[in-house]
Amino acid sequence: MKAAVVTFPGSNCDEDTVIALERLGVEPVRRWYKDTDLGGAEWVILPGGFSYGDYLRSGALAARAPIMDAVEQLVARDQLHVLGICNGFQILCERGLLPGALRANRDGKFRCTWEGVRVASAPSAWPGFQVGQSFRLPIAHREGAFTVSEQELDRLFQEGTVFLQYCDREGRVVDEAANPNGSMGAVAGLARGRVMGLMPHPERAVSQFLGSEDGLEFLRLWLQGR
Amino acid sequence: MSRWQVVVAIRLKAEILDPAGQAVGHVLQQMGFDTIAQVRLGRLVDLEVEAEDREQAVAVAAEAARRLLANPVLEVFAVTEAREVGGHR
Amino acid sequence: MSRWQVVVAIRLKAEILDPAGQAVGHVLQQMGFDTIAQVRLGRLVDLEVEAEDREQAVAVAAEAARRLLANPVLEVFAVTEAREVGGHR
Amino acid sequence: MKPEEVGLTAQEYDEIVRQLGRTPNDLELGLFGALWSEHCSYKSSKSALALLPHAGPAVVTGPGGNAGVVRLEGEWLVAFKVESHNHPSYVEPVQGAATGVGGIIRDVVAMGARPIALLDSLRFGEDAPSQRLLDGVVEGVGNYGNSIGVPTVGGEVYFAPAYAQNPLVNVMCVGLLRQAHLMSASGARVGSGVYLIGQPTGRDGIHGASLLASQDFTAEAEAVESMRPTVQVGDPFTGKLLMEATLAAIATGGVEAAQDLGAAGLTSASAELAYRSGVGMELDLDGVPLRESAMTPYEIMLSETQERMLLVVPDDQLGAVRAAVAHWDLTLHRIGRVIAPDVLRVRWHGQVVAELPPTVLSGGCPIRPLDRTAGQEVVRTASPAVASPDLDEALILKVLAHPDCRDRAYIYRRYDWMIQTRTVFGPEHDVAVLQLRETAAGLTLAISGPGRWAAADAWAGGAGAVARAVLGVMLQDSEPMGMTDGINCGNPDRPAVYGQFRRLVEGIADAASAFGVPVTGGNVSFHNETEGRAIWPTGIVGVVGRHPHPSRPWADRVRVPGWRLVLLNPAPRPDLGGSVLAHALGQLGRYPAPPLEALAATYPRIQATLRALAPEGFAVRAILDGGLLLALAKLTLLFTDVGVRVKLSDDDPVARLFSEEVGQVVVALAPDQLSRFAQQAEQAGVSWMELGETVEDPVVELAAGSGRWRLRRDQLRQAWQTYVHG
Ligand SMILES: Nc1ncnc2c1ncn2[C@@H]1O[C@H](COP(=O)(O)OP(=O)(O)O)[C@@H](O)[C@H]1O
Ligand SMILES: [Mg+2]
């Protein structure tokens, strides 16, 4: 299998993502944001970071980078599994590959904490994820509050696009208490077709001494997409 | 061609919640501004555009706003001003 | 008393570096907007103010801008609009 | 132009004329004003800094470079330094702190190292405006560090009225590099080109360092207002490109020297580089990319625009270096070349506008000789001993809730402390532990320097800061390789302040020598005073240690009941001077002078005693702010599900519980480890006393004499996590 990791000029989780994939036995292809193809990869991760300084809106500038044209084309042809992590998720939304937008956290402040997330609906392209399954993963962002209109949110839940929600230690979704950033519907991640995006960082939770191995398991399940 | 200073105003759609604006409103209340009922935050983009005339300057700015400056999921934009600032060349 | 919609425009001082504007300008160039020479980003605050008249509405907004909304070290502000939106009470 | 307009005294001006053999023109005078400023020349501090020991087995590069460098393992080196940005952070907290982070990151990058960790040491007043400063500073540190992808893995923050109008923002950066990529400050060779990369130069921050950081503040708002043109804006995005481009350029092997542009901009960078390399330099200012039109040579030479770096590249390496830089969307701008004669020649529009010898610019500033008499009265001032109040629950909660003790999560949550996936122990712990993929050995990082400890006796504060940071590193089974120090004081022209400064440096120097840990670099910030009120002398010490097993750190928490609690190396007669309790009671007293010789002998014995135990069979914490009581609470119920039952036999249980005398260590032992521990401690000759045990209930139970106290976890956590000023 050929998996690519894209580096934008301000990406800063690309290295951690490459290392996590290597730990799972995948030798990733590195792609630069100016590249116009994915080097034959059928899997791609858009890693976290501040892709383009994130000055206008997070991910807005990176979403217009040449590599994203290639991503969009392959997605349209159903030839690519995509994972956007944190800034990568923001880029996917800005590009219109996932619905909604990620706005400033409820308190307007950056937040770096360990959080629980729970699978809200099983994504059709990834049979490994089970509804109710939960992971402990770090978040680290200032713009992570998932935002859409109310009707759109209902629709996303009905369609099964809402893939992950923030949850408490017991795996319960309790909107205010266990919602670290004020996301509507406590949404932590979306999946539509073969495009998945989430705010938490699975690539950081790759060993017990770093806090958890849940991220490794998460990435393993992602790599089992069909 | 001459140089135009064009202003694009970008605002959240009315139906989108603005927690940051609410927070600012809250602080203003605490500071004693009790006549300020609502606060919403938006963005302002000042562009310097080379164009034949005002119409073209406005069109370029609007196109930039549509394709990049504003996020259609959340925001609406308006070109609010276009002033000639540089002579013809 | 009536209700006024007041707009405060906040911009970086001319001599202050605007990395955000630079980055946006750079991307616009890459997207083919080669007539856009400069981009600077500012902020827009929409306030709803209860006031006797326009003058008072503007004064309150300006006071809020001076004391909280704008950072005097880096920014300048202007009240650019004040529209009556609600009837007298 | 007059000398005083650029911050020079009449005597200094005469000295310039004497050394040059002519009068300088206005531009030249401006350059002298910047480089002979306190901030750039270290004229008041250099002779005292000479007291610091610089040599050690791990040292690769001591003071003099952009950062100190020690050898970690094999070809892998560690570069690190602390830098202050106090004045800019008071004027504009967000940007002031952000540019401080950017600056220290560039210092480490200029050594050829990839930054892997930041630690911030902050001081604020206790009033409401100070709260806003804190919020802004935390925002700024986070903004820059989070964006550029360097984790903030630790730090410290303390509060006192003395810092109200003079907050301190000191940031330490740690970087990792291969020996082959080590940049030397003296590497520039005649004939090579001088290049600028990064942000175009604008009018920001002109004379920021020489005037802003070299003068006291007055309380008037206008004074702060008038300094505002000197505010610089940080751009972490360009900072990231600059960091990557510089490291990529260095990795080609084609860069002879790298120098970041910080205080006094191009003037300092070019003169320092030429001076340290023993060469001259020709600059053509028409090659400098400008952000604003019609900038004068004076403005170009002194601009403090952030995110710029100077590279010296020989012509035959140019292609590779240019390509490496271009990959990161930056351009290499040729602005001059290295020449043999001792001259910095500045051209502009085809004319020579300044021509000065680097040896005079960078090496000629008269240095104030070490004054051993100044401030003796400070040393002799007796401070009353702090009398122990009655022990009750409220007293305990008061200490826990004190701003100097309370939970720091409200700060470090706003920092990305895990990026780069090396952080085994992050800001929740007393020291940071980093696991490295490059080497088996990891890093233990400690930063420390409570002003409380130095307020009445600067020597004790300086020595205590070192003793505390070294102990923190050693309690992680690590070996301290080197340290950096940030000295923060008031106006050195006042004898009392100079005396504090000298005693602070002496304390650090004496402790560094006693523990055998070399000082490889640091920073001095003077003029932290407003209207004649100076801050507490504050010496911040950062220690870098080699951790032999970073993925298995020594535990600092207990999760099971029934473990035995002991106090290792207890103070014979615990003293409350300088403690948080004393601070909270409003009678600070005097922090007891650390017995350096005894501590230096004891630390290795403590380490040896712990090493002999089963690694899973103990947990350990130093006694720090809040004393024994807080150490016990952090060992247990503030972080885990168990509580503690403690019985004290002291006559003065309050002093035992809240004294912060350095060198005391709490250990929790699995029941089967106690006898082994006792035997090892005896063998090593370390004293200890039994305290009690961990218990199933999440409570703190204390017994002393006939008194009994009991506090529940929710009470303790509430006090510790809810913070009210005053
Ligand atoms: N307190 C100190 N202890 C040890 N070395 C110091 C101290 N202060 C400054 N130095 C050293 O003096 C040199 C100049 O420092 P500085 O001017 O702060 O560097 P920079 O120009 O990078 O800011 C550096 O090598 C620094 O390590
Ligand atoms: Mg430097």
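Naming convention: chains lettered A, B, ... in sequence-line order (proteins, then strands); numbering from 1 in each chain. Nothing here was measured: the structure is a model prediction, and the numbers come from that model. Just so you know, these numbers use all the heavy atoms, side chains as well, and skip hydrogens, waters and symmetry mates.
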- Examine A/Trp126 together with A/Phe163 and report whether their ring centres are nearer than 6.0 Å. no
*Heavy-atom neighbours of A/Gln208 CD exceed 12 at 6.0 Å*: yes
Item to check | Ion pair D/Lys634/D/Asp556, N-O distance below 4.0 Å | outcome: no
Whatever's closer than 4.5 Å to a heavy atom in chain A on D/Glu244 counts as neither
Looking only at D/Val424, D/Val433, D/Val150, the option with the highest number of non-hydrogen pairs under 4.5 Å against chain A is D/Val424
Bottom line for D/Tyr415: the part with an atom under 4.5 Å from chain A's heavy atoms is backbone
The interface call for A/Ser11 against chain D, heavy-atom contacts under 4.5 Å, is backbone
- Message: Under a 3.5 Å distance rule, please check whether A/Asp214 uses its side chain to pair with a backbone N or O of A/Arg136 as donor and acceptor.
- Response: yes
If one checks every heavy atom of D/Asp135 against chain A at 4.5 Å, the contacting part turns out to be side chain
* D/Glu438 bridged to D/Arg114 by N-O distance under 4.0 Å -> no
So is A/Arg142 actually on top of A/Phe110's ring, under 6.0 Å and inside 45° of the axis? no
Query raised in the report: Do D/Asp477 and D/Arg546 sit within salt-bridge range, that is, some charged N less than 4.0 Å from a carboxylate O?
Result: no
Cut-off 4.5 Å, heavy atoms of chain A, and the answer for D/Leu241 is side chain
Q) Just by modelled atom types, is the A/Cys167 backbone N or O under 3.5 Å from a matching donor or acceptor in the A/Glu115 side chain? A) no
When the 4.5 angstrom heavy-atom criterion is applied to D/Arg552 and chain A, the contacting part is neither
Among residues 26-49 of chain A, those lying within the under-4.5 Å heavy-atom range of chain D are A/Trp32, A/Tyr33, A/Lys34
Bottom line for D/Thr423: the part with an atom under 4.5 Å from chain A's heavy atoms is backbone
Honestly, the part of A/Glu203 sitting under 4.5 Å from a heavy atom of chain D is backbone
**Q.** Carboxylate-amine/guanidinium contact A/Glu143 A/Arg57, below 4.0 Å
**A.** no
Subject >> Pair D/Asp235-D/Gln199, side chain to side chain donor-acceptor pair (under 3.5 Å): steps then yes or no >> reply: CA-CA 9 Å; D/Asp235 175 8; D/Gln199 196 69 257; 3.2 Å; yes
